[in-house]
Amino acid sequence: MADIRLEGVSHSYDGGRTWALKPMTWTWRSNRAYALLGPSGCGKTTLLNIISGLISPTTGRIWLGDREVTSVPTAGRNIAQVFQFPVLYEQMSVYDNLAFPLRNRGYPRAEVDRRVRTVSQLLGLDGHLGRRSRRLDPGRQQIVCLGRGLVRPDVAAVLLDEPLTVIDPALKWTLRSKLKEIHRDTGHTLVYVTHDQTEALTFADEVVVLKDGEIVQAGEPTELFLAPAHEFVGHFIGSPGMNVVPAEITGGVVRVGGAVVGRAAGDGGDLPPGPVRIGVRPEFVRIVPGRDAPGWGGPETDTAGRDAPGWDGPGRDAGARAAPGLQARITGVDRMGSYHLVHARVDGHTLVSKTGPGSRHEPGAVAFFRFDPGRAFLFRDEVRCGSLAPLGGSLEQPLEGPLEGARGRSPEGRQGA
Amino acid sequence: MTGKGAEELAPAGATVAGGQVAGEILTGDVLAGAAREAPGEQDASRADSRTKNNRAWFLVLPVVVSVAFTAVIPLMTVVNFSVQDIFSPTDRIFVGLDWFRSVTRDPEIRAALLRTLLFSAQVLLLEIPLGVALAVSMPRRGAGVSVALVLVALPLLIPWNVVGTIWQIFARGDIGLGGWTINNVLGVNFNYTLDSTDAWITVLLMDVWHWTPLVALLAYAGLRSIPEPYFQAAQIDGASAWATFRHIQLPRLRGVLTIAILLRFMDSFMIYTEPFVVTGGGPGNATSFLSILLSKIAVGQFDLGPAGAFSLLYFLIVQIVSYVFFTVLTRTGR
């Protein structure tokens with residue numbers, strides 16, 4: 001077991017004109033389960049192939065523990081890799097498939113047998129050892145592929161390149177929990193490439209989000225959900241993705257089309273004035289009853305008021321009255337079962353709020369949309385530069401309540417997606 | 001309930017069979033579903049009247065007509081010849097299967113059959129491994145790919161009788177580069193016009209030179225279709241080049257090699273033009289293959305009856321051997 005360290009590793013397939021992977025320095029710590037998440041073509045597979053040595057990086061160095069392996073061929077690294085589709089020696093039996101990597105390395109017969117049987121027991125393949133591998137179902141075939149990686153005694157890391165793509169959805173759950181179980185039992189470092197956020201978030205200790213060949217954020221699943229460091233992370237993780245509303249900073253205050261929404265709190269000091277984009281998850285957008293709006297009242301008050309109990313939680317009303325938020329016209333409501341998605345337009349941009357299933361917002365109505373403090377962030381050039389703070393003391397602390405509620409809800413929302 | 005349904009279904013054999021097949025693949029539900037449909041099919045007479053409308057068969061007519069003109073009618077002409085003794089267009093006698101009997105007992109034809117089978121076997125043994133080896137050693141990517149493809153494909157572009165002419169001259173001891181080199185540089189006495197072994201070797205080498213590229217191209221196409229991860233997995237598993245070939249490339253070439261073996265068997269078993277140009281079947285009968293003998297009987301001696309019977313048997317042998325090859329190759333390793 002050793003950390004895998006990448007030092008300024010980058011890769012270009014066309015001699016430096018475009019970079020599939022921009023220079024990155026990153027350590028895969030041993031015994032952890034990583035999910036490598038990103039859209040198609042962002043360099044996930046390239047990164048994986050660099051780690052396993054199938055391609056050598058254009059620049060940079062790779063360390064396995066304290067041994068440099070940059071120029072060590074694949075066979076010499078202790079890396080196992082599972083591919084998108086089952087890659088089997090099809091005419092061989094399952095037993096021979098599992099024994100193949102050991103036989104190639106010249107292990108004695110008894111040792112091969114012992115190891116194959118240990119792994120087959122671990123993976124639940126005991127009953128299938130004598131079968132021809134191509135006759136297994138795709139799920140089991142992938143397990144055999146995984147077994148070929150695990151059977152070697154010196155494996156430092158197992159890389160999985162979207163291993164469940166070809167697997168039947170019903171089986172995916174079983175396989176994923178099997179993987180988790182194996183990770184728990186063997187303690188191998190796992191790097192799991194996927195473009196499916198559910199897979200990534202349920203599986204990993206740490207999620208690494210890759211975009212255009214760069215790591216844009218890495219952290220625990222909750223961290224990525226609650227505090228995206230890049231607009232892309234906000235879009236990619238969570239369902240629906242983060243709202244992005246263009247705004248303007250003037251004199252330390254953030255305005256959306258003239259309306260003040262809060263104070264700009266820069267991550268590293270004060271933010272200079274200029275355009276900025278507010279990113280806020282639908283889970284943290286509250287709809288405030290229209291009665292707080294000047295010139296509004298009547299029927300809206302009733303309908304909007306009814307969604308408060310049990311969902312938006314205590315403290316919402318208190319905050320709402322203090323700061324009405326952004327005025328927006330509701331354009332549609334998606335009833336998703338366990339939650340509703342309220343779509344609205346503000347200053348020409350769409351804003352989505354995730355509300356409880358009991359909310360009764362009607363399209364065409366005008367309401368106030370307010371962002372939970374500490375959960376709305378400011379982005380410049382897609383990168384987070386600060387957060388949206390409440391206007392000078394007008395909002396206090398009572399918002400811990402809804403925030404906790406939102407946190408508890410979020411996994412459910414993701415699974416439903 | 002289900003059992004009763006199945007009993008009702010029993011006369012409609014096809015439905016029951018379908019249900020069983022589906023039941024094996026899916027679940028018992030399908031079978032139960034089929035059984036539940038049974039009452040709807042109780043009205044057997046109506047079902048029968050529906051199946052009696054066979055006009056859809058007319059849609060097959062174009063195929064029947066074209067096959068008739070391309071295969072059946074020419075073949076029937078040969079069948080017609082094979083059962084008659086024809087003296088002149090107006091003077092012919094029906095002889096039944098006499099020609100078939102005499103053809104199968106003719107020692108010259110038997111010898112030619114053995115000779116042709118031996119030739120085909122040698123062609124396959126040489127060309128298939130050589131073609132695969134050539135394909136494996138051809139580059140997989142880069143500028144070398146097109147160069148290699150053109151070089152390998154070149155012999156295939158040469159017409160048969162030109163190939164024959166090339167080799168007829170090439171192998172000559174006096175003026176041919178190959179023959180002269182063997183005689184004067186290697187010091188081996190080589191003369192394909194006098195020595196039957198030399199003639200055999202010349203024809204065999206010529207076929208290998210001409211047709212190994214076909215096997216190589218087929219195998220190369222097969223190799224190219226193997227997804228990259230298979231090779232990557234082999235690297236990760238520490239497989240040697242031989243193990244990669246043995247366990248990844250060769251198994252995945254089964255399909256194209258089946259085609260290659262069939263094509264090369266049929267072609268070599270029916271080889272005519274090249275040996276006819278090079279040796280004319282000689283010296284003696286050394287390279288007198290079935291096709292050469294057949295054309296001698298049919299065109300040279302104009303014995304239409306024996307030639308017809310011979311042709312039909314020839315055709316039958318090609319069919320049977322090809323069928324056996326195909327069946328064996330597609331069934332094994334499953």
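Each chain gets a letter, A, B and so on, in the order the sequences are listed, and its residues count up from 1.
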Does any heavy atom of chain B fall under 4.5 Å from the side chain of [X], the backbone, both, or neither of them?
X	result
A/L102	neither
A/R103	neither
A/D161	neither

Neighbours of chain B found in residues 69-83 of chain A - heavy atoms under 4.5 Å: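 A/T74, A/A75, A/I79, A/A80, A/Q81, A/F83, listed by number.
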
Could you please state which residues from residues 112-120 of chain A sit under 4.5 angstrom from chain B, measuring non-hydrogen atom to non-hydrogen atom, sorted by number, or 'none'?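 When heavy atoms of chain B are the reference, residues 112-120 of chain A contributes no residue within the under-4.5 Å range.
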
Could you please spell out the steps behind the side-chain contact (heavy atoms from CB on, under 4.5 Å) verdict for A/Q91 and B/H247? CA-CA 8 Å; A/Q91 77 294 351; B/H247 297 297; 3.5 Å; yes

Verify the neighbour count for atom [atom1] of [X]: are there more than 12 heavy atoms of other residues, nucleotides or ligands below 6.0 Å?
X	atom1	answer
A/D66	CG	no
A/W26	CH2	yes
A/R29	CZ	no

Anything in residues 313-325 of chain B with a heavy-atom distance to chain A below 4.5 Å? Please list those residues in order.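 Residues qualifying by a heavy atom under 4.5 Å from chain A are absent, so none.
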
Are there residues of residues 222-243 of chain B that reach to under 4.5 Å of chain A by heavy atoms, and which ones?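 Expected list: B/P227, B/P229, B/Y230, B/Q232, B/A233, B/A234, B/Q235, B/I236, B/D237, B/G238, B/A239, B/A243.
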
